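Keep in mind it's a predicted model, so treat the numbers as computed, not measured. Residue numbers start from 1 in every chain, and the chains themselves are labelled A, B, ... in the order their sequence lines are given, proteins ahead of strands.
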Amino acid sequence: MQIKEKLNQLIAEAAHKAGIALEEPRVVEAGKPEFGDYQFNGAMPLAKTLKRNPRQIAQALVEALPQNEIIAKAEIAGPGFINLTLSAEWLAERLKEASSSERLGVGRRKEPQTVVVDYSSPNMAKQMHVGHLRSTIIGDSLANLFAFLGDEVIRQNHIGDWGTQFGMLIAYLEELGEGAEGSLHDLEEFYKAAKKRFDEDEAFADKSREYVVKLQGGDVRCLHLWEQFIDKSLGHCEEVYSKLHVKLSREDVRAESAYNDELAEIVSDLEAKGLLKQSRGAKVVFVEGEENPLIIQKSDGGYLYATTDLAAIRFRVQVLGAKRISYVVDARQAGHFKQVFAVARMAGYAPEDVELEHVSFGMMLDKSGRPFKTRDGGTVKLIELLEEAVERAKEAITQKEAYDEEELEKIAEIVGIGAVKYADLSINRESNYIFDWDRMLSLEGNTSLYQQYAYARIQSILRKYEGEIEGHVTIGDELERRLALKLLQLEDILHLAAREATPHTITAYLYDLATLFMKFYENNPILRSDVPEDLRQSRLIFAQTTARTLRLALELLGIKVLDRL
RNA sequence: GCGCCAGUAGCUCAAUUGGAUAGAGCAUCAGACUUCGGAUCUGAGGGCUAGGGGUUCGACUCCUCUCUGGCGCACCA
């Protein structure tokens, strides 16, 4: 149910009827309950252009509102606000409708577009660390969201599997020979050991460099070693993805190396289009307003990640048919993407109708505001962080309840991972993010556990009630009105979150919803024997729809829920 | 030096993209129950939105300057 769109239409019709020129009216949710449910603030800006009193304009709009069953009350307030209150009957009927729909009344986009979401993108030379966490979590939730709203989503894991360090790594892998399998268990150690050999042994270093050339030249032996290495490294990533409940698979991997054969052609194409310049021995493209150019080919003939990124954009637009490409990459890359996008436009790889967006996010900091590191200053391996999350979840929940071992393991896994993801997704991604175990595993406030508890509590009610839920919705008090409205706002919220690529819009909504339900539930008994059956049916629908909404939205965020906690 | 981003309650975060009296949670204090799961709910205190100037009916939001912090500034990715 897209409520705003319906209200906008009514206002637009009113404006038309009243002879007021109004492009795309936009109602917003009311700032306070006493202002009604929605408000339209467009009369004030119109006052100037029309040279009329804003209250008069508002008055004319209200009088011209067409007959409809949605708006129960339209009032003018202050300098010219139009406050709209929706009809309780209409809300009740729509809620009933949503409750009996599989998608809770959320429609699919009429004209689906192909969206590429580029996220996670680990480097194969090393183990995944906390730096990959935010991209993986945010990207996955956005991909889920776009897909649910009806877009054709293509996940792209642009893994770093190409470059000079792989010469060193495969040379070392070869040197170890048979026993190499075990050494690859810890990539961090493997990398360090290889680097040590590289620094200490000139012959080894030469061989490494030689292997880079061979590898890029397609030497079968080197390619084989490299594949072995990548396969193992990707296996580590998959372990993390599985633990994180992230839907990335090998099919979503399109590695940097996949574009290798196109790089020379990108250069000649840019040259043919007259964009390429020589500068200090390198081939570059100058972007207006930027001091430094984007380097396409190094003076030694090598290519850079900008080149690969351009090839990737071209591939995504021309082969995959992308109309929106979302790069979920940390904020430090803003300058890089700005230039790459600009060049992609100039070269025609991304025509005007293709949206290129850098979904940037801030750094992960510890409680004292410093970059998140281990005690001795090293990078925190992602897999270890997730294991710790599960362990901490165990402690947190056993303080409240006694579980048997098997049950505890299962619950802690869902609670712990959910807490890590929710904490990340619940803040505006642009700002830096303070990672705090205690807060994310708290049972109170805007946390995943609060949502999961609300969900489990409703499930408990639904279990106790054994009959069918099939009555009508009646809106009795103000809390029920607000709850009904909140439930029906789901689609508007999802669209907003998708358009802005802001998962925290959804978590904020969920928190509102869960607290609102708790209040409703505190005041409006459902199963108590003195509640008349028709009222009970209505309240059961509220409860059930709330639970389904919580579940749906949490699952879009990649967070699992449990019927019992 | 140039550029980008941020600065909101003691702490962690919101604020529907320029709307009405800036909202939540944590923490603090005070309440509610013979609990449909109290892992809950109700209430109180706490703010010159870093600071100055401007734009207008109206500014946390836009412009400008200053301060503070983070990050980026060509052959790594």
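- Distances from the side chain of A/Gln333 to the nucleotides B/A77, B/A20, B/A74 place B/A77 closest.
- OP1 or OP2 of B/G70 has not a single side-chain nitrogen or oxygen of A/Tyr433 nearer than 4.0 Å.
- Using a 4.0 Å heavy-atom distance criterion, A/Ile526 is classed as a base contact.
- Judged by distance alone, with hydrogens and angles left aside, A/Glu401 brings a side-chain donor or acceptor within reach of the base of B/A39, the pair sitting under 3.5 Å.
- For A/Lys338, no side-chain nitrogen or oxygen approaches OP1 or OP2 of B/C4 to under 4.0 Å.
- Side chain of A/Arg55 to main chain of A/Gly78: a donor-acceptor pair is present (N/O by atom type, distance under 3.5 Å, no hydrogens or angles).
- At B/A74, none of the side-chain N or O atoms of A/Lys283 fall inside 4.0 Å of OP1 or OP2 (strictly under the cut-off).
- For the ring pair (Phe, Tyr, Trp, His ring centres under 6.0 Å) with A/His158, the lone residue among A/Tyr327, A/Tyr119, A/Tyr259 that qualifies is A/Tyr259.
- Contacts of A/Ser279 with the nucleic acid, taken as non-hydrogen atoms under 4.0 Å apart, include base atoms.
- Residue side chain A/Asp161 does not reach the base of B/A77 through any donor-acceptor N/O pair under 3.5 Å, judged by distance alone.
- Across all strands shown, A/Gly31 has heavy atoms under 4.0 Å from base atoms, whether or not it also approaches the sugar-phosphate.
- Remark: side-chain polar atoms of A/Gln339 are paired, donor with acceptor, to backbone N or O of A/Asn292 under 3.5 angstrom.
- For the pair A/Arg539 and B/C36, the criterion of a side-chain N or O lying under 4.0 Å from OP1 or OP2 is not met.
- Within the nucleic acid shown, A/Asp309 has no heavy atom closer than 4.0 Å to any nucleic acid atom.
- The backbone N or O of A/Thr85 sits nowhere less than 3.5 Å from a side-chain atom of A/Asp37 that would complete a donor-acceptor pair.
- Phosphate contact (OP1/OP2 of B/A15, side-chain N/O of A/His504, threshold under 4.0 Å): present.
- Using a 4.0 Å heavy-atom criterion, one finds that A/Leu496 contacts no nucleic acid atom at all.
- Counting non-hydrogen atoms under 4.0 angstrom, A/Asn53 reaches nothing in the nucleic acid.
- Counting to the nearest Å, the C1' atom of B/A39 and the CG atom of A/Leu443 are 5 Å from each other.
- Geometric assessment of A/Arg539 against the ring of A/Tyr521 yields a negative cation-pi assignment under the 6.0 Å and 45° thresholds.
- Once the 5.5 Å centre distance and the 30° plane angle are applied, the aromatic ring of A/Phe81 is found stacked with the base of B/A20.
- Residue-nucleotide stacking is not present for A/Tyr305 and B/C76, judged by a side-chain ring centre under 5.5 Å from the six-membered base ring centre and planes under 30° apart.
- Pair check for B/C33 finds none; no Watson-Crick or G-U wobble contact set falls under 3.5 Å.
- Contact of the A/Lys4 side chain with the A/Glu29 side chain is registered, since non-hydrogen atoms from C-beta on lie closer than 4.5 Å.
- For the OP1/OP2 pair of B/U40 and a distance below 4.0 Å, the side-chain nitrogens and oxygens of A/Lys519 include no atom meeting the criterion.
- Within the 4.0 angstrom heavy-atom criterion, base atoms lie near A/Met44.
- Classification of A/Lys338 and A/Glu290 as a salt-bridged pair holds, one side-chain N sitting under 4.0 Å from a carboxylate O.
- Within 4.0 Å (heavy atoms only), A/Ala47 reaches no atom of the nucleic acid at all.
- Contact annotation for A/Ala334: no contact, since no heavy-atom pair falls under 4.0 Å across all strands.
- Heavy atoms of A/Tyr521 sit under 4.0 angstrom from at least one base atom.
- Contacts of A/Ala497 with the nucleic acid, taken as non-hydrogen atoms under 4.0 Å apart, are absent.
- Nearest nucleotide to the side chain of A/Gln39, out of B/A27, B/G19, B/G23: B/G19.
- Aromatic stacking of A/Phe35 on B/A20: satisfied, with centres closer than 5.5 Å and planes within an angle under 30 degrees.
- If you check every strand for non-hydrogen atoms under 4.0 Å, A/Asn428 touches sugar and phosphate atoms only.
- Counting any heavy atom pair closer than 4.0 Å across all strands shown, A/Glu500 reaches a base atom.
- Note on A/Pro54: nothing from the nucleic acid sits closer than 4.0 angstrom, heavy atoms only.
- Nucleotide B/C26 forms a Watson-Crick or G-U wobble pair with B/G10, both donor-acceptor distances falling under 3.5 Å.
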